[in-house]
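No experiment lies behind these values; they were computed from the predicted model shown.
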Amino acid sequence: MRRLALALALILATAPAFAQVVAQHLFFEAVPAGAPSGASYEARQRLTERARTELLPAILDAAGLDGTGAVADLRMGGYRLHTNPSLHLTLRLEDGPADRLAGAIAWSLEQDSVLVADFDSADGATGYALVRFPAGSLTPDRAQRFFLAAAAEHEGLGGGYTAFGDTLLFLNLRSDGGTPYSGLPDEAFAEFLRRAADAFPGAVLAATGRADARLVLQPPQPDSPALAPLRARHAALVSEILTTEPAR
(Lines give C-alpha, C1' and ligand atoms only; values in the text may rest on other atoms or scores of the structure.)
Protein backbone atom coordinates (compact mmCIF):
# COMPACT_ATOMS: atom_id res chain seq x y z
CA MET A 1 0.00 0.00 0.00
CA ARG A 2 2.89 2.37 0.62
CA ARG A 3 3.75 2.05 -3.08
CA LEU A 4 0.32 3.29 -4.13
CA ALA A 5 0.41 6.15 -1.63
CA LEU A 6 3.83 7.15 -2.97
CA ALA A 7 2.80 6.85 -6.61
CA LEU A 8 -0.33 8.93 -6.17
CA ALA A 9 1.45 11.44 -3.94
CA LEU A 10 3.91 12.06 -6.76
CA ILE A 11 1.09 12.41 -9.26
CA LEU A 12 -1.11 14.61 -7.07
CA ALA A 13 1.74 16.43 -5.27
CA THR A 14 -0.06 16.00 -1.92
CA ALA A 15 2.31 13.72 -0.02
CA PRO A 16 1.64 15.21 3.47
CA ALA A 17 -2.07 14.31 3.25
CA PHE A 18 -1.16 10.66 2.73
CA ALA A 19 1.60 10.67 5.34
CA GLN A 20 -0.32 12.17 8.26
CA VAL A 21 -4.06 11.52 7.92
CA VAL A 22 -6.40 9.32 5.97
CA ALA A 23 -7.85 11.32 3.05
CA GLN A 24 -11.10 10.22 1.44
CA HIS A 25 -11.13 10.45 -2.35
CA LEU A 26 -14.46 10.64 -4.17
CA PHE A 27 -14.58 10.17 -7.94
CA PHE A 28 -17.70 10.95 -9.96
CA GLU A 29 -19.12 12.47 -13.13
CA ALA A 30 -21.65 15.23 -13.68
CA VAL A 31 -22.82 13.92 -17.07
CA PRO A 32 -25.88 11.72 -16.42
CA ALA A 33 -26.40 8.42 -18.21
CA GLY A 34 -29.35 9.84 -20.15
CA ALA A 35 -27.45 12.87 -21.49
CA PRO A 36 -27.50 13.48 -25.25
CA SER A 37 -24.89 11.25 -26.86
CA GLY A 38 -23.90 13.80 -29.48
CA ALA A 39 -22.64 16.46 -27.07
CA SER A 40 -18.96 17.31 -27.54
CA TYR A 41 -16.35 16.63 -24.90
CA GLU A 42 -15.97 20.40 -24.48
CA ALA A 43 -19.67 20.76 -23.68
CA ARG A 44 -19.54 17.90 -21.20
CA GLN A 45 -16.55 19.56 -19.59
CA ARG A 46 -18.45 22.84 -19.27
CA LEU A 47 -21.26 20.99 -17.53
CA THR A 48 -18.78 19.34 -15.17
CA GLU A 49 -17.10 22.65 -14.34
CA ARG A 50 -20.47 24.28 -13.63
CA ALA A 51 -21.41 21.38 -11.36
CA ARG A 52 -18.13 21.80 -9.50
CA THR A 53 -18.54 25.51 -8.88
CA GLU A 54 -22.33 25.86 -8.56
CA LEU A 55 -23.52 22.57 -7.08
CA LEU A 56 -20.75 20.79 -5.21
CA PRO A 57 -20.33 23.39 -2.42
CA ALA A 58 -24.10 23.34 -1.86
CA ILE A 59 -24.11 19.51 -1.73
CA LEU A 60 -21.39 19.59 0.92
CA ASP A 61 -23.41 22.14 2.87
CA ALA A 62 -26.60 20.07 2.58
CA ALA A 63 -24.65 17.08 3.90
CA GLY A 64 -23.66 19.15 6.94
CA LEU A 65 -19.99 19.19 6.02
CA ASP A 66 -17.45 21.98 6.11
CA GLY A 67 -16.02 22.22 2.63
CA THR A 68 -13.19 24.57 3.63
CA GLY A 69 -10.51 21.89 3.29
CA ALA A 70 -12.10 20.08 0.35
CA VAL A 71 -10.34 20.10 -3.02
CA ALA A 72 -12.22 19.26 -6.21
CA ASP A 73 -10.15 18.70 -9.35
CA LEU A 74 -11.35 18.24 -12.91
CA ARG A 75 -10.02 15.05 -14.50
CA MET A 76 -10.83 12.49 -17.17
CA GLY A 77 -12.64 9.38 -16.12
CA GLY A 78 -13.98 6.27 -17.79
CA TYR A 79 -17.12 4.37 -16.87
CA ARG A 80 -18.64 1.45 -18.75
CA LEU A 81 -16.59 2.06 -21.90
CA HIS A 82 -17.22 5.82 -22.08
CA THR A 83 -14.79 8.62 -21.23
CA ASN A 84 -16.17 11.80 -19.68
CA PRO A 85 -14.83 14.74 -17.74
CA SER A 86 -14.99 13.75 -14.09
CA LEU A 87 -14.42 15.24 -10.66
CA HIS A 88 -12.03 14.12 -7.94
CA LEU A 89 -13.00 15.41 -4.52
CA THR A 90 -10.53 15.06 -1.65
CA LEU A 91 -11.42 15.72 1.97
CA ARG A 92 -10.84 14.26 5.41
CA LEU A 93 -13.76 12.21 6.72
CA GLU A 94 -14.60 8.96 8.43
CA ASP A 95 -15.96 6.21 6.20
CA GLY A 96 -19.59 6.72 7.24
CA PRO A 97 -19.82 10.44 6.45
CA ALA A 98 -17.81 9.88 3.25
CA ASP A 99 -20.31 7.27 2.06
CA ARG A 100 -23.26 9.52 2.93
CA LEU A 101 -21.68 12.36 0.99
CA ALA A 102 -21.10 10.01 -1.94
CA GLY A 103 -24.78 9.08 -1.88
CA ALA A 104 -25.79 12.74 -1.80
CA ILE A 105 -23.56 13.49 -4.81
CA ALA A 106 -24.85 10.48 -6.74
CA TRP A 107 -28.48 11.49 -6.14
CA SER A 108 -27.98 15.20 -6.87
CA LEU A 109 -25.97 14.65 -10.07
CA GLU A 110 -28.03 11.65 -11.26
CA GLN A 111 -25.14 9.19 -11.20
CA ASP A 112 -25.40 5.41 -10.83
CA SER A 113 -22.68 5.51 -8.21
CA VAL A 114 -19.73 7.41 -6.73
CA LEU A 115 -16.35 5.80 -6.14
CA VAL A 116 -14.88 6.32 -2.66
CA ALA A 117 -11.25 5.36 -2.03
CA ASP A 118 -8.67 5.50 0.74
CA PHE A 119 -5.23 5.13 -0.83
CA ASP A 120 -3.42 4.97 2.52
CA SER A 121 -5.31 2.03 4.01
CA ALA A 122 -3.12 -0.60 5.63
CA ASP A 123 -5.52 -3.42 4.77
CA GLY A 124 -6.97 -2.49 1.38
CA ALA A 125 -8.86 -5.30 -0.31
CA THR A 126 -9.00 -3.82 -3.81
CA GLY A 127 -6.33 -4.48 -6.41
CA TYR A 128 -5.16 -1.60 -8.58
CA ALA A 129 -2.93 -0.97 -11.58
CA LEU A 130 -1.39 2.24 -12.93
CA VAL A 131 -0.89 2.60 -16.69
CA ARG A 132 1.43 5.45 -17.62
CA PHE A 133 1.79 7.38 -20.89
CA PRO A 134 4.52 9.79 -22.07
CA ALA A 135 4.38 13.20 -20.43
CA GLY A 136 1.81 15.49 -22.00
CA SER A 137 0.44 12.83 -24.35
CA LEU A 138 -2.75 11.69 -22.63
CA THR A 139 -5.80 13.27 -24.24
CA PRO A 140 -9.45 12.23 -23.78
CA ASP A 141 -9.33 10.53 -27.19
CA ARG A 142 -6.18 8.57 -26.36
CA ALA A 143 -7.53 7.56 -22.94
CA GLN A 144 -10.76 6.35 -24.56
CA ARG A 145 -8.85 4.34 -27.18
CA PHE A 146 -6.80 2.65 -24.47
CA PHE A 147 -9.95 2.02 -22.42
CA LEU A 148 -11.50 0.20 -25.39
CA ALA A 149 -8.26 -1.67 -26.07
CA ALA A 150 -8.13 -2.85 -22.45
CA ALA A 151 -11.75 -4.00 -22.59
CA ALA A 152 -10.92 -5.89 -25.80
CA GLU A 153 -8.29 -7.85 -23.85
CA HIS A 154 -10.95 -8.71 -21.27
CA GLU A 155 -14.42 -7.24 -20.84
CA GLY A 156 -13.80 -6.98 -17.08
CA LEU A 157 -11.45 -4.04 -17.72
CA GLY A 158 -14.28 -1.97 -19.19
CA GLY A 159 -15.71 -0.96 -15.81
CA GLY A 160 -13.82 2.26 -15.32
CA TYR A 161 -10.64 4.25 -14.81
CA THR A 162 -9.51 7.63 -13.48
CA ALA A 163 -6.77 9.80 -15.01
CA PHE A 164 -4.06 11.53 -12.96
CA GLY A 165 -2.00 13.60 -15.34
CA ASP A 166 -0.59 11.09 -17.82
CA THR A 167 -1.46 8.03 -15.71
CA LEU A 168 -4.62 5.94 -15.71
CA LEU A 169 -5.69 4.28 -12.46
CA PHE A 170 -7.68 1.05 -12.81
CA LEU A 171 -9.27 -0.42 -9.66
CA ASN A 172 -10.49 -4.01 -9.48
CA LEU A 173 -13.58 -3.03 -7.52
CA ARG A 174 -15.53 -5.58 -5.51
CA SER A 175 -19.14 -6.13 -4.52
CA ASP A 176 -20.23 -6.13 -0.88
CA GLY A 177 -19.60 -9.86 -0.91
CA GLY A 178 -15.99 -9.38 -2.00
CA THR A 179 -16.42 -10.62 -5.59
CA PRO A 180 -14.62 -8.50 -8.21
CA TYR A 181 -17.04 -6.85 -10.63
CA SER A 182 -14.50 -7.61 -13.37
CA GLY A 183 -14.77 -11.33 -12.75
CA LEU A 184 -10.97 -11.42 -12.48
CA PRO A 185 -8.61 -12.02 -9.55
CA ASP A 186 -6.20 -9.14 -9.03
CA GLU A 187 -3.27 -10.91 -10.67
CA ALA A 188 -5.22 -11.61 -13.86
CA PHE A 189 -6.68 -8.08 -13.82
CA ALA A 190 -3.15 -6.63 -13.83
CA GLU A 191 -1.93 -9.14 -16.41
CA PHE A 192 -4.66 -8.24 -18.92
CA LEU A 193 -3.85 -4.57 -18.40
CA ARG A 194 -0.17 -5.31 -19.01
CA ARG A 195 -1.07 -7.02 -22.28
CA ALA A 196 -3.18 -4.05 -23.33
CA ALA A 197 -0.35 -1.65 -22.44
CA ASP A 198 2.24 -3.72 -24.30
CA ALA A 199 0.14 -3.54 -27.46
CA PHE A 200 -0.66 0.18 -27.15
CA PRO A 201 2.04 2.64 -28.31
CA GLY A 202 3.54 4.58 -25.41
CA ALA A 203 1.58 2.82 -22.65
CA VAL A 204 3.40 1.10 -19.77
CA LEU A 205 2.02 -0.81 -16.81
CA ALA A 206 3.82 1.22 -14.15
CA ALA A 207 2.69 -0.23 -10.79
CA THR A 208 0.26 -2.59 -9.12
CA GLY A 209 -0.89 -3.00 -5.53
CA ARG A 210 -3.89 -2.79 -3.22
CA ALA A 211 -6.20 -0.03 -2.00
CA ASP A 212 -9.40 0.40 -0.01
CA ALA A 213 -12.11 1.37 -2.50
CA ARG A 214 -15.85 0.95 -2.85
CA LEU A 215 -18.75 2.07 -5.01
CA VAL A 216 -21.57 3.91 -3.26
CA LEU A 217 -24.80 3.52 -5.24
CA GLN A 218 -27.32 6.30 -5.74
CA PRO A 219 -29.86 6.07 -2.91
CA PRO A 220 -33.56 5.90 -3.79
CA GLN A 221 -34.21 9.04 -1.74
CA PRO A 222 -31.93 11.86 -0.54
CA ASP A 223 -30.96 12.24 3.12
CA SER A 224 -31.68 15.97 3.05
CA PRO A 225 -34.58 17.92 1.48
CA ALA A 226 -32.00 20.55 0.53
CA LEU A 227 -30.75 18.23 -2.23
CA ALA A 228 -33.96 18.31 -4.28
CA PRO A 229 -33.44 21.83 -5.68
CA LEU A 230 -29.81 20.93 -6.43
CA ARG A 231 -30.89 17.95 -8.49
CA ALA A 232 -33.34 20.21 -10.32
CA ARG A 233 -30.55 22.73 -10.94
CA HIS A 234 -28.34 19.96 -12.30
CA ALA A 235 -31.10 18.86 -14.69
CA ALA A 236 -31.44 22.47 -15.85
CA LEU A 237 -27.69 22.68 -16.51
CA VAL A 238 -27.82 19.45 -18.52
CA SER A 239 -30.62 20.88 -20.63
CA GLU A 240 -28.91 24.27 -21.00
CA ILE A 241 -25.45 22.99 -21.90
CA LEU A 242 -25.89 19.61 -23.55
CA THR A 243 -29.25 19.55 -25.31
CA THR A 244 -28.44 22.72 -27.23
CA GLU A 245 -25.02 21.43 -28.28
CA PRO A 246 -24.83 20.44 -31.99
CA ALA A 247 -23.95 16.80 -32.53
CA ARG A 248 -20.36 16.15 -33.58
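Within the model, atoms CH2 of W107 and CG of L227 stand 6.5 Å from one another, a figure rounded to the nearest 0.5 Å. One distance of note links CZ of R100 with OG of S224; it measures 12.5 Å at 0.5 Å rounding.
Exactly one of T208, L130, V131, T162 qualifies for a side chain to side chain contact (heavy atoms under 4.5 Å, CB included) with F170. That residue is V131. If you run side chain to side chain donor-acceptor pair (under 3.5 Å) between N84 and each of Q144, R44, Q45, only R44 comes through.
Between D99 and R214 a salt bridge is recorded (basic side-chain N to carboxylate O distance below 4.0 Å). Using a cutoff of 4.0 Å between basic side-chain nitrogens and carboxylate oxygens, E240 and R50 are scored as salt-bridged. Taking the charged nitrogens against the carboxylate oxygens, D166 and R142 have no contact shorter than 4.0 Å, which rules out a salt bridge.
L65 and L87 fall within a single hydrophobic cluster, where Ile, Leu, Val, Met, Phe, Trp and Tyr side chains are chained together by heavy-atom contacts under 4.5 Å.
Looking at residues two or more places apart in sequence or on another chain, you find no side-chain hydrogen bond (donor to acceptor under 3.5 Å, both in side chains) involving Q111.
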Y161 and Y79: CA distance, side-chain angles, deciding distance, side-chain contact (heavy atoms from CB on, under 4.5 Å) verdict: CA-CA 7 Å; Y161 74 85; Y79 181 62; over 6 Å; no
Test salt bridge (Lys or Arg N to Asp or Glu O under 4.0 Å) applied to E49 and R46, step by step: CA-CA 5 Å; E49 290 173 337; R46 288 199 302 274; over 6 Å; no
Criterion salt bridge (Lys or Arg N to Asp or Glu O under 4.0 Å) on D73 and R52, from CA distance to verdict: CA-CA 9 Å; D73 294 321; R52 175 175 63 171; 5.2 Å; no
